[in-house]
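Quick notes on the structure that follows.
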There are 2 protein chains.
Amino acid sequence: MADLDSVDRQLVDLLQRQGQTSYSDLAKAVGLAVSSVTERVRKLSERGVLLGVHGQAAPEALGLDLLAFVFVSWSDPAVADAFLTRIGAEPAVQEAHHVTGQWNYLLKVRVTTTRMLEAFLTNVIKGVPGIERTETLIVLSSAKETTYLPVVAPAWYG
Amino acid sequence: MADLDSVDRQLVDLLQRQGQTSYSDLAKAVGLAVSSVTERVRKLSERGVLLGVHGQAAPEALGLDLLAFVFVSWSDPAVADAFLTRIGAEPAVQEAHHVTGQWNYLLKVRVTTTRMLEAFLTNVIKGVPGIERTETLIVLSSAKETTYLPVVAPAWYG
DNA sequence: ACTGAAATCTATTACGG
DNA sequence: CCGTAATAGATTTCAGT
């Protein structure tokens, strides 16, 4: 964990919210000169605190109306490599997490329709030899979906 | 679903990967004039295809070393409102999805430690009257984690 | 580390074609 | 959709504090 002072945290906060905020706006917000802010942001990137800036697109605008979480399991440990290579190359898979519990992996998957979800499960997941079980949860609605990371501790955690 | 031609899709693709790509670079990439690209990007924002641009921060750099998925259930339908208001205000909760299956909601939660996760479950989740059950899956590692949305159909989906 | 100012580059707007 | 031009604003660099 990098140690970040309060100015650094403010910058990370602001840039997470508005990735294209100008250096002059950042400077005003944190009360430093533009050149100081430039160097801090550069160092935050260098240190790996800031990883990049990304445009956010609307899934529905791209026809991606179906979000699903897919649990996947196998028993042969050799399956892991092939599985990760396969899903790593698959843009429909946004996330793949190794999780505790009865399943090996949890995937976050975006597709257009249930028909495409079926094709994903058949052609991609079951296309990996050794995959034994899957369980799919369909997302009916997303009340919250953000990539923002808190930069300060919450009130409920002393 | 907005209908996007191939240039629009290219722009959405590029901006998702590199949110601060200059208009002149975008213009080179898609083979149009800068002024054309400017207007296309403006329209994509207007139409709600592009929703914004966000800096991406490294969770570990902010001390957020623990990622968890928390399933939550209640039986009284009146609980939903209070629950969503509470977790909407909570930066530790990155996502909240209404899902099919035996649970009402699936949360994606980022905290620093197991102690903080315990505080979250005790003070935030169980602090909402009517919440009956929770189940927490700890993420051991994330093989993939992206917000990129595919702009073209995959090979396995004809 | 932060400052301020100069030089360079980029975004934006508007126009005629 | 193109190309240009003009303005304003942003980025980068650097000598100085």
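Between B:Phe71 and B:Tyr105, the gap from one ring centroid to the other reaches at least 6.0 Å.
Between B:Ser36 and the phosphate of D:dC2, there is a side-chain N or O to OP1/OP2 separation shorter than 4.0 Å.
Sorted by first then second residue, the salt bridge (Lys or Arg N to Asp or Glu O under 4.0 Å) pairs that include residues 110-129 of chain A, not counting sequence neighbours, are A:Arg110-A:Glu145. Evaluation of the salt bridge (Lys or Arg N to Asp or Glu O under 4.0 Å) test over residues 72-93 of chain A, restricted to residues two or more places apart or in two chains, returns A:Arg86-A:Glu90. Within the structure, the salt bridge (Lys or Arg N to Asp or Glu O under 4.0 Å) test picks out the following pairs touching residues 91-106 of chain B (sequence neighbours left out): A:Lys108-B:Glu95, B:Glu95-B:Lys108. Applying the salt bridge (Lys or Arg N to Asp or Glu O under 4.0 Å) test to every pair with at least one member in residues 17-31 of chain A, sequence neighbours left out, gives these pairs: A:Asp13-A:Arg17, A:Asp25-A:Lys28.
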A:Phe69 and A:Glu135: side chain to side chain contact (heavy atoms under 4.5 Å, CB included), yes or no, with the steps? CA-CA 8 Å; A:Phe69 286 93; A:Glu135 186 169 317; over 6 Å; no
Take A:Gln56 and B:His54 through the test side-chain hydrogen bond (donor to acceptor under 3.5 Å, both in side chains) and record every step on the way to the result. CA-CA 7 Å; A:Gln56 182 195 359; B:His54 303 282; 2.8 Å; yes
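Annotation: side chain of A:Ile87 is not in contact with side chain of A:Val72 (no heavy-atom distance under 4.5 Å).
The stretch residues 18-27 of chain A comes close to DNA chain D through A:Ser22, A:Tyr23, A:Ser24, each having a heavy atom under 4.0 Å from the strand. For the segment residues 40-58 of chain A, the set of residues with a heavy atom within less than 4.0 Å of an atom of DNA chain C comprises A:Arg40, in numerical order.
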Dot-bracket summary - DNA chain D, pairs being Watson-Crick or G-U whose distances fall under 3.5 Å, with | when paired to another strand: |||||||||||||||||
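Under the rule for a side chain to side chain donor-acceptor pair (under 3.5 Å), A:Arg9 has no partner lying at least two apart in sequence or in another chain. In this structure B:Asp5 satisfies the side chain to side chain donor-acceptor pair (under 3.5 Å) test together with B:Arg40, sequence neighbours excluded. Residues passing the side chain to side chain donor-acceptor pair (under 3.5 Å) test with A:Ser75, sequence neighbours excluded: A:Glu132.
When DNA chain C is scanned in the 5' to 3' direction for atoms under 4.0 Å from non-hydrogen atoms of chain A, the outermost contacting nucleotides are C:dC2 to C:dG4.
Side-chain contacts under 4.5 Å among hydrophobic residues (ILVMFWY), followed directly or transitively, place B:Leu140 with no other residue at all.
Nearest nucleotide to the B:Ala33 side chain, out of D:dG3, D:dC14, D:dC1: D:dG3.
A cation-pi arrangement, defined by a distance under 6.0 Å to the six-membered ring centre and an angle within 45 degrees of its axis, is absent between A:Arg133 and A:Trp74.
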